[in-house]
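These notes concern the structure reproduced below.
Worth knowing before you read on, the calculation uses all heavy atoms, side chains too, and leaves out hydrogens, waters and symmetry mates.
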Amino acid sequence: MDSSTIRLILIVGAFFLAGGIYSIVVSLFTRNVYIRHIPSFLGAAVIIYYVYQLMTTTPEGFRDIAYILSVIMIGFVIFGNVITNVIVNMRRRN
């Protein structure tokens, strides 16, 4: 594997872990589901905004690519947050 591929995997993993670590830390202090899903709610709002910007603005330079990459990275945060919340909920039921 190339060093840039490894760097990309580490960046994606870092975003995934950021959503997961937030869920774990907050679940230690509260059982409120809405507070544990704050990164998911904020991420969804930012994704909607970026998609709106992609559809309405004129393309300038690499702005479109930046929006798309931002949406992908925010998606990994949301995915990490949701997966960790599902695991936390399953472990609390048992």
Heavy-atom neighbours of Tyr67 OH exceed 12 at 6.0 Å: yes
Spatial distance of atom OH (Tyr50) from atom CD1 (Ile74) [nearest 0.5 Å]: 5.5 Å
Hphob cluster co-occupancy, Ile68 + Val71, side-chain heavy atoms under 4.5 angstrom: yes
Shared hydrophobic cluster, Val82 / Phe15 (ILVMFWY, side-chain heavy atoms < 4.5 Å): yes
Arg36 versus Arg31, closest heavy-atom pair with distance: NH2-O, 4.2 Å
Hydrophobic cluster membership, Phe79 vs Val26, 4.5 Å side-chain cutoff: no
Intermediate values then yes/no, side chain to side chain contact (heavy atoms under 4.5 Å, CB included), Val77 and Tyr22: CA-CA 10 Å; Val77 171; Tyr22 174 85; over 6 Å; no
Leu54 with Ile47, same ILVMFWY side-chain cluster at under 4.5 Å: yes
Atom of Pro59, atom of Asp64 and distance for their closest heavy-atom approach: CB-OD2, 3.3 Å
Smallest separation among heavy atoms of Gly20 and Thr84, with atom names: CA-OG1, 3.2 Å
Tyr52 atom OH, over 12 foreign heavy atoms within 6.0 Å: no
Rounded distance (nearest 0.5 Å) linking atom CD1 of Ile21 with atom CG of Asn81: 12.0 Å
Same apolar cluster (I L V M F W Y, side chains within < 4.5 Å links), Phe76/Val51: yes
Neighbour count >12 (heavy atoms, 6.0 Å) for atom CZ, Arg91: no
Option passing side chain to side chain contact (heavy atoms under 4.5 Å, CB included) with His37 (candidates Ile78, Asn32, Leu42, Asn85): Asn85
Side chain to side chain contact (heavy atoms under 4.5 Å, CB included) evaluation trace for Met73 with Ile11: CA-CA 9 Å; Met73 293 303 173; Ile11 290 171; 3.9 Å; yes
Rounded distance (nearest 0.5 Å) linking atom OG of Ser70 with atom OH of Tyr49: 11.5 Å
CG-OG distance between Leu28 and Ser23, expressed to the nearest 0.5 angstrom: 11.0 Å
Gap separating the CG atom of Leu17 from the CG atom of Leu10, nearest 0.5 angstrom: 10.5 Å
Set of residues satisfying salt bridge (Lys or Arg N to Asp or Glu O under 4.0 Å) with respect to Arg63, sequence neighbours excluded: Glu60
Phe16 atom CZ, neighbour heavy-atom count above 12 within 6.0 Å: yes
